[in-house]
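Here is the structure we will look at, set down as structure tokens.
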Amino acid sequence: MSERIVVVGAALLDAGRLLAARRSAPPELAGRWELPGGKVEPGETPEQALVRELHEELGVAAEPTARVPGEWPLRPPYVLQIWTAALAPGSPAPKPLQDHDELRWLTPDELWDVDWLDQDVPAVREVADRFGTGRSPDGQGREELPDQPTRHRTRPATAPPRS
């Protein structure tokens, strides 16, 4: 049996909103939305991987704040762990630099308006339950995210697809 490989995802929160990233690659995932992140490399902690991935994918400096309880299976041997994170003071606004063609800051009422990747749905649901982020896919109401300091008000954050 092969060892499991941890993939970290960021529930990047700002001013009561959650950042969603639309995949541009690979083709089977393109057009669907996810929590940005990636694989933990050998020698990295999940928090270090999250900071690195958010810098590579979005060009931001981020600070992991807490691990969201739970772990979600991806295709073997991968498992998904989610961390809440905030933009570090002085960080630029997120931009879709790698593997994404659009970003959106979702308010609680918009959380389920995007077509999340199937494997991200349970994790997004857990984030919504823990932090009260809007209505769930079944239409039940939720309270708003706790206020986070506002650093960027760009919404939606978009860029043309990369060639």
With hydrophobic residues grouped by side-chain heavy-atom distances under 4.5 Å, do V124 and W72 end up in a single group?
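Yes: a chain of side-chain contacts under 4.5 Å links V124 to W72.
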Single-linkage hydrophobic cluster V51~L58, side-chain heavy atoms < 4.5 angstrom
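Cluster IDs for V51 and L58 differ.
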Please round to the nearest 0.5 Å and tell me the distance separating atom [atom1] of [X] and atom [atom2] of [Y].
| X | Y | atom1 | atom2 | value |
| --- | --- | --- | --- | --- |
| E41 | Q48 | CD | CD | 12.0 Å |
| S24 | E102 | OG | CD | 11.5 Å |
| L74 | D118 | CG | CG | 11.5 Å |
| L12 | E63 | CG | CD | 10.5 Å |
| Q119 | E34 | CD | CD | 8.0 Å |
| L29 | D99 | CG | CG | 9.5 Å |

Determine whether [X] and [Y] make a side-chain contact, defined as any pair of heavy atoms from C-beta on separated by less than 4.5 Å.
| X | Y | value |
| --- | --- | --- |
| W105 | E110 | no |
| V79 | I5 | no |
| L106 | D113 | no |
| I82 | E126 | no |
| D14 | L19 | no |
| D120 | L80 | yes |
| D101 | P96 | no |

Heavy atoms only: give me the nearest [X]-[Y] pair and the separation to one decimal.
| X | Y | answer |
| --- | --- | --- |
| A93 | V60 | C-CG1, 4.0 Å |
| A11 | L35 | CA-CD2, 4.4 Å |
| P64 | A62 | CD-O, 3.9 Å |
| G59 | P92 | O-CG, 3.2 Å |

Counting N and O atoms only, with roles assigned by atom type, does the side chain of [X] sit under 3.5 Å from a partner on the main chain of [Y], one being a donor and the other an acceptor?
| X | Y | value |
| --- | --- | --- |
| R32 | W116 | yes |
| T65 | T84 | yes |
| E53 | P36 | no |
| R67 | P69 | no |

Decide yes or no on side-chain contact (heavy atoms from CB on, under 4.5 Å) for W112 and V121, but give the supporting numbers first.
CA-CA 9 Å; W112 299 106; V121 168; 4.3 Å; yes
Which residues satisfy the side-chain contact (heavy atoms from CB on, under 4.5 Å) test with A49, sequence neighbours excluded?
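Result, side-chain contact (heavy atoms from CB on, under 4.5 Å) vs A49: V8, V40, E44, R52.
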Would E56 and L97 satisfy side-chain contact (heavy atoms from CB on, under 4.5 Å), going step by step from the backbone distance to the final call?
CA-CA 7 Å; E56 290 172 2; L97 301 176; over 6 Å; no
Any donor-acceptor N or O pair under 3.5 Å, side chains E71, Q81:
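Note: E71 and Q81 side chains meet the donor-acceptor criterion.
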